[in-house]
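As structure tokens, the structure follows; a few thoughts come after it.
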Amino acid sequence: MSTASQSESTGCTDYNFLKLEPFWQAYWEKNKTFKAEDFSEKPKYYVLDMLPYPSGAGLHIGHPEGYTASDILGRMKKAQGFNVLHPMGWDAFGLPAEQHAITTGTPPAVNTQANIDTFRRQIKSLGFGIDWDREINTTDPSFYKWTQWIFLHLFKMGLAYVDKRPVWWCPALGTALANEEVIEGRSERGNHPVERRNQRQWVLRITAYAQKLLEGLDTIDWPESTKRQQTAWIGHSVGAEISFDIQDNAEDKVKIFTTCPDTLFGCTYMVLAPEHPLLAKLTTEENYKAVQLYKEQAARKSDLNRTDLAKDKTGVFTGSYAINPANNKAIPIWVADYVLMSYGTGAIMAVPAHDERDFEFAQKFELPITPVIAQKDSEETPLPYTGPGKLINSDQYNGLENKEAKRVITEALNKEGHGKETVNYKLRDWIFSRQRYWGEPFPIVWVSKEDYEKVATNKQSPFQEFLPEVPVTFSEEGGTTRYALPLPTQALPVELPEVDSYQPSGTGESPLANSKTWLQVALDIETGDLHCREAQGNEISGVRETDTMPQWAGSCWYYLRYLDPSNTDAFLDPKIEAYWQTPDFYIGGAEHAVLHLLYARFWHKVLHDIGVLNTPEPFPKLFHQGIILGELEFTTFKDSSGNYVSANQVEHGPIHKETKVSLSSEKIEADAVEKKGDHFVLKSDPNITVDARAYKMSKSRGNVVNPDDIVQNYGADALRLYEMFLGPLEAMKPWSTQGIGGMSRFLRKVWREVINPEGEINPKITQSEDSAETKKLLAKTIKKVTQDIETLNLNTAISQMMILLGHLQKQATISQTSIKQFLQLLAPFAPHITEELWARLGEKESIACADWPTFDEAIFVENTVKVVVQVNGKMRAELELPKDVSKEDALTQASTHAKVVPFLEDKTRVKDVYVPGRIINFVVR
RNA sequence: GCCCGGGUGGCGGAAUUGGUAGACGCUGGGGACUUAAAAUCCCUUGCCCGUGAGGGCGUGCGGGUUCGAGUCCCGCCCCGGGCACCA
């Protein structure tokens, strides 16, 4: 279909990447070289990069790392005959754009568009084989219409609710955050402190999917560490729920969760969380004041940063006693903040002998400690003891293995109606609303109970579409109860209104709450029509939800929108879904292990359960690229009087480890230091050690490498190759500007092999046959490059191509087929230069469309083998032996080899090791 | 504290999964071409002993298994990541 009047090329004499890279990018765009075709006869291959957030800072050097890897894979798959889908888009809702809007007054939409344009230009300048016709943008109403639609399905299924609860509130960002977004008491975005605050929130019931999310992990090919992180985050634990009676109180019982029902006889007290609903009731009069005070203290404490929390155990006796169902002993009930309301039942049975926390608490408050498990082979079991053992002090269960006792005691409790086996999860429901402007509006209108019932009883009403079985309601303290009415598909998208100010309202509400004309709506139950005005006639009136969705919403399902990006009637055409299914390969950073990757799995499973999707998991195969650090830096430290301080005497600050006085640091050049033992020292004073390390790129450190500069100075091909050559894709590795120079040199050598200094085809390229050696090396290279791309060992693939090129350079002639195959192997890595050379060699169609080179295994069959000869495990000689050599002949030849003989003389051969085709080892004494 | 991942030349990193440690690239040193420089090409570059041929040592540290260990086992140290009163 190419109309390209060949020989279309730049005709450059020298390797002029500034000319040829834009030329070929335009060619691919014009010819739609990387168009992914729905329902193609070819097998599909969907390779996906994590959706970038188009920040104002532009593309970071880390972005091209993952994108290049996926592009290499996609390009090879295309050449291998797959119908490849490699799309790109923008995760453009989010806090930075809104923060920018607050400070500059520019609407987020405007600023975001500018950032997207920059990102697109930068990404295009790197020559990725992307189908740009499928570009998406999560902030586009045609996109978020369907984000809202998915939310409505969650709502309908009862997976969304509203609750006023203590949440992590970030004052600097003016919004609540999800558990997953809080890292050590700070916001994941922006690193601002967060605090606990009661705030009305939309919450998604991800806990209902805890088990499915856990089980699904076994079915997907992901890095083990990421699976482990998700497993730990979900935090499945099996135990028992045990119900304790209260002394002199027939009404109430306290339920606890424990993973160690076997230690029930050792339970000598019980602890409630300060927020436990029964606390007030169980507190006796004389203890009321102390408990009340403690509760208040605990509440205030939780307003502090979590990291500041003292780990010292505190607590107060409530005055009540519970009855241990195992031995009917009365045990005191305490309140303490080391028990969390949000996990289990908010109450525990304390077994100080076999739990470190309970032990510490019991010691402090002088509570009884009864050991009930004895370590197997020791008389004295030091407490607290948490290992396995046999039961003691446990009546009829004495002598039982504790593992067995868990089961037996749980069964007994079950029979008596005192408990049952239970599973608990650490996972909490997902705080899904943000009190901000720049996010998807919720397609929800709040109405009165009466109006809601009108809708609920009118089976013809379009508002029935997403009505849940149980209404979602919310009532402010002392206020009326409002009902959440889901808007029908026909009312979507609910677009963001224009507002005068993006400043948070200050009341904890989003800036949308100030948009009076947008807030008030009139709904026609019959038609589903919605107007921004007072209700008239039969219409009911409602108030819009003013919170918006978090940034994760769009990225939860964007990979599905690429399949059918311009569909206005449906979220995704089922026929198209059946063809493309899910990404065959997903590449992105490990920092999203429990955020995006957990949320997306949740949504995908919900969509699967309601029959919208055929697949149970969104990303069957996942790969994390590593981080690219700045260049290696050498730093010296000096005290105030200007004396050097060795780096090993310095701790973070920088301050002196012992004296704690602050020091000054200075970056020095590499040639001022040398290696001495394990560390680097100053050449001028070898007693002073120097800190040598590469840091994460950051503006403040001034070690940021801008991809635009690299493309300008070395070309996109060199950048792509160099990033892949740095080291294993998954590893963290430092950038080196000198290193990329080597890659530039490699590409110039490639150029000169094909084009001579006059700009003509190098005369050494002929129709003649290559030597057997060349053929074999080419086959080896095809094999290695093909395999390495498949497994993303791209650094070693490049090494192999360098070896081949080095060999070709030494040959007097090269066959046209060989050089072309070499270019094809290189093409996924360096697509521009290879397109140019391919065209110059007379090819009419893009190199990206040419069939991937193959080789014949038979070429590797040799009739001789190389055998290494060792004496006592030390390499002494190398032998070339016939493939079918007998053991005797091999050993004879080896033992008489001139280089081996001296090591055998005057020695006794104790043992001969012979591994055919590999190695001979003479063991001598 | 607990759970992962990782320590190999001056630097980034290879190493058929127990069989020649240091591929490939960078840097450094020497040389060729050039009036000169750039570019390019050639040689060299783990450490120690030796003029040399050659020999010894060497994959964070200490032990072990094995004919043979960067690779497997045990005990430490350091770096990176995750979780952190989760009962």
Side-chain angles (χ1 to χ4, degrees), chain A residues 14 183-184 223-229 231-233 235 237 239 256-260 263 271 306-307 309 311-313 336-340 342-351 354-358 360-361 424-428 590-591 593-594 626-627 631-632 670-671 673-675 678 680 692-694 721-722 725-728 730-743 745-746 748-749 752 757 793 795-803 806 809 866-878 902 910-915 917-924:
Chain A
D14 295 320
I183 293 151
E184 290 183 1
E224 278 307 313
S225 61
T226 303
K227 287 205 219 178
R228 252 190 290 266
Q229 272 187 60
T231 305
W233 192 261
S237 61
I256 60 95
F257 172 74
T258 178
T259 53
C260 303
T263 62
V271 184
R306 241 195 185 185
T307 40
L309 283 182
K311 299 260 169 175
D312 267 354
K313 299 276 179 296
D337 66 2
Y338 82 91
V339 173
L340 309 175
S342 48
Y343 183 77
T345 62
I348 60 153
M349 65 176 216
V351 184
H354 306 290
D355 181 284
E356 278 160 30
R357 295 151 302 177
D358 297 344
E360 195 192 318
F361 190 81
N424 239 299
Y425 297 94
K426 234 161 81 176
L427 186 72
R428 316 277 164 80
E591 65 274 17
V594 291
I627 297 171
E631 294 224 23
L632 182 66
D671 52 16
V673 300
E674 60 187 347
K675 188 119 180 197
D678 286 346
F680 284 88
R693 58 189 303 174
L721 271 168
Y722 182 61
F725 187 66
L726 266 175
E730 65 275 21
M732 184 186 276
K733 54 233 159 203
W735 178 264
S736 155
T737 300
Q738 265 170 348
I740 198 169
M743 207 43 84
R745 211 165 306 162
F746 170 68
R748 281 199 297 273
K749 285 184 207 167
R752 274 292 164 254
N793 292 113
N795 52 336
T796 50
I798 295 168
S799 298
Q800 185 61 38
M801 288 190 282
M802 287 173 163
I803 292 168
Q809 278 187 301
K866 219 164 71 173
V867 176
V868 168
V869 185
Q870 299 181 332
V871 179
N872 283 350
K874 288 222 164 64
M875 206 274 272
R876 295 301 173 190
E878 211 176 273
V910 183
K911 187 175 176 182
D912 300 338
V913 178
Y914 178 58
V915 183
R918 272 252 164 93
I919 207 158
I920 290 168
N921 188 12
F922 296 116
V923 185
V924 299

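These numbers were taken from a predicted model, which means no experiment stands behind them. Numbers restart at 1 for each chain; the letters A, B, ... are given by sequence-line order, proteins then strands.
- In this structure, B:rG1 and B:rC83 make a Watson-Crick or G-U wobble pair, each of the two defining distances being under 3.5 angstrom.
- Within 4.0 Å of A:Asp912, counting heavy atoms only, lies no atom of the nucleic acid at all.
- Under the Watson-Crick or G-U wobble criterion, with both distances below 3.5 Å, B:rU40 is paired with B:rA32.
- No contact: A:Arg752 has no heavy atom under 4.0 Å from any strand.
- Under the 6.0 Å distance and 45° angle rule, A:Lys313 does not count as a cation-pi partner of A:Phe361.
- Rounded to the nearest 0.5 Å, atoms CD1 (A:Ile919) and NZ (A:Lys866) are 12.0 Å apart.
- Comparing B:rG12, B:rC41, B:rG80 by their closest approach to the side chain of A:Pro734 singles out B:rG12.
- Out of B:rC11, B:rG19, B:rC4, the shortest distance to the side chain of A:Leu632 is found at B:rC11.
- Separating the C1' atom of B:rG56 from that of B:rG60 is a span of 22 Å, rounded to the nearest Å.
- Across all strands shown, A:Gly742 has heavy atoms under 4.0 Å from sugar-phosphate atoms exclusively, and none from any base.
- Between A:Arg228 and B:rG82 there is no side-chain polar atom (N or O) within less than 4.0 angstrom of OP1 or OP2.
- The residue A:Lys866 sits close to a base: some heavy atom pair falls under 4.0 Å.
- Checked against B:rC4, B:rG80, B:rC11, the side chain of A:Lys675 finds its nearest nucleotide in B:rC11.
- Nucleotides B:rU17 and B:rG70 have their C1' atoms positioned 12 Å apart, rounded to a whole Å.
- For the pair A:Trp233 CH2 and B:rA84 C1', the interatomic distance rounds to 11 Å; values are reported in whole Å.
- Using a 4.0 Å heavy-atom distance criterion, A:Val339 is classed as a base contact.
- Atom CD in A:Gln809 sits roughly 13 Å away from atom P in B:rC24 (whole-Å rounding).
- Nucleotides B:rC48 and B:rG10, compared at atom P, are 10 Å apart to the nearest Å.
- Between A:Lys733 atom NZ and B:rC26 atom C1' there is a gap of 16 Å when expressed in whole angstrom units.
- Side-chain proximity of A:Arg748 to the nucleotides B:rA87, B:rC83, B:rA39 is greatest for B:rA39.
- Mapping A:Asn795 and A:Asn921 onto RNA chain B by nearest heavy atom places A:Asn795 closer to the 5' end of the strand.
- A:Gln800 has its CD atom 12 Å from the P atom of B:rG25, to the nearest Å.
- If you check B:rC24 for Watson-Crick or wobble pairing at under 3.5 angstrom, you find it paired to B:rG12.
- In this structure, A:Gln870 reaches the bases: a heavy-atom distance under 4.0 Å links it to at least one base atom across the strands shown.
- Taking atom CD1 of A:Ile627 as the reference point, atom C1' of B:rG82 lies 13 Å away to the nearest angstrom.
- The distance from atom CG of A:Asn793 to atom C1' of B:rG12 is 16 Å, rounded to the nearest whole Å.
- For A:Met743 and A:Asp355, each mapped to the nucleotide of RNA chain B holding its nearest heavy atom, the one lying further toward the 5' end belongs to A:Met743.
- A:Val913 comes within 4.0 angstrom of a nucleotide base, judged by non-hydrogen atoms across all strands.
- At B:rG68, none of the side-chain N or O atoms of A:Arg918 fall inside 4.0 Å of OP1 or OP2 (strictly under the cut-off).
- No engagement by A:Glu356 is indicated, since no non-hydrogen atom pair under 4.0 Å with the nucleic acid exists.
- Applying the 4.0 Å criterion to OP1 and OP2 of B:rC26, one finds that A:Arg745 has a side-chain N or O inside that range.
- Side-chain N/O atoms of A:Lys874 include none lying less than 4.0 angstrom from OP1 or OP2 on B:rG55.
- Looking at heavy-atom distances under 4.0 Å, A:Ser237 makes contact with sugar-phosphate atoms alone, never a base.
- Contact annotation for A:Ser736: no contact, since no heavy-atom pair falls under 4.0 Å across all strands.
- The A:Asp337 side chain lies nearest to B:rC85 when the options are B:rC85, B:rG12, B:rA23.
- In this structure B:rU66 sits in the anti conformation; its chi angle is more than 90° from 0.
- Picking from B:rG10, B:rC24, B:rA15 the nucleotide with the shortest atom distance to the side chain of A:Thr796 gives B:rA15.
- For A:Gln738 against B:rU27, a side-chain-to-base donor-acceptor contact under 3.5 Å is absent.
- B:rC57 is paired with B:rG46 under the criterion used here, namely a Watson-Crick or G-U wobble arrangement in which both key atom distances are under 3.5 Å.
- The residue A:Leu726 sits close only to the backbone: its heavy atoms come under 4.0 Å of sugar-phosphate atoms, none of a base.
- At whole-Å resolution of the value, CZ in A:Phe746 and C1' in B:rC41 are 17 Å apart.
- What separates CD of A:Glu224 from C1' of B:rG6 is a distance of 17 Å, to the nearest Å.
- Across all strands shown, nothing is found opposite B:rG68 as a Watson-Crick or G-U wobble partner with both distances under 3.5 Å.
- B:rG9 takes the syn form, because its glycosidic angle lies no more than 90° either side of 0.
- Nucleotides B:rU59 and B:rC72, compared at atom C1', are 15 Å apart to the nearest Å.
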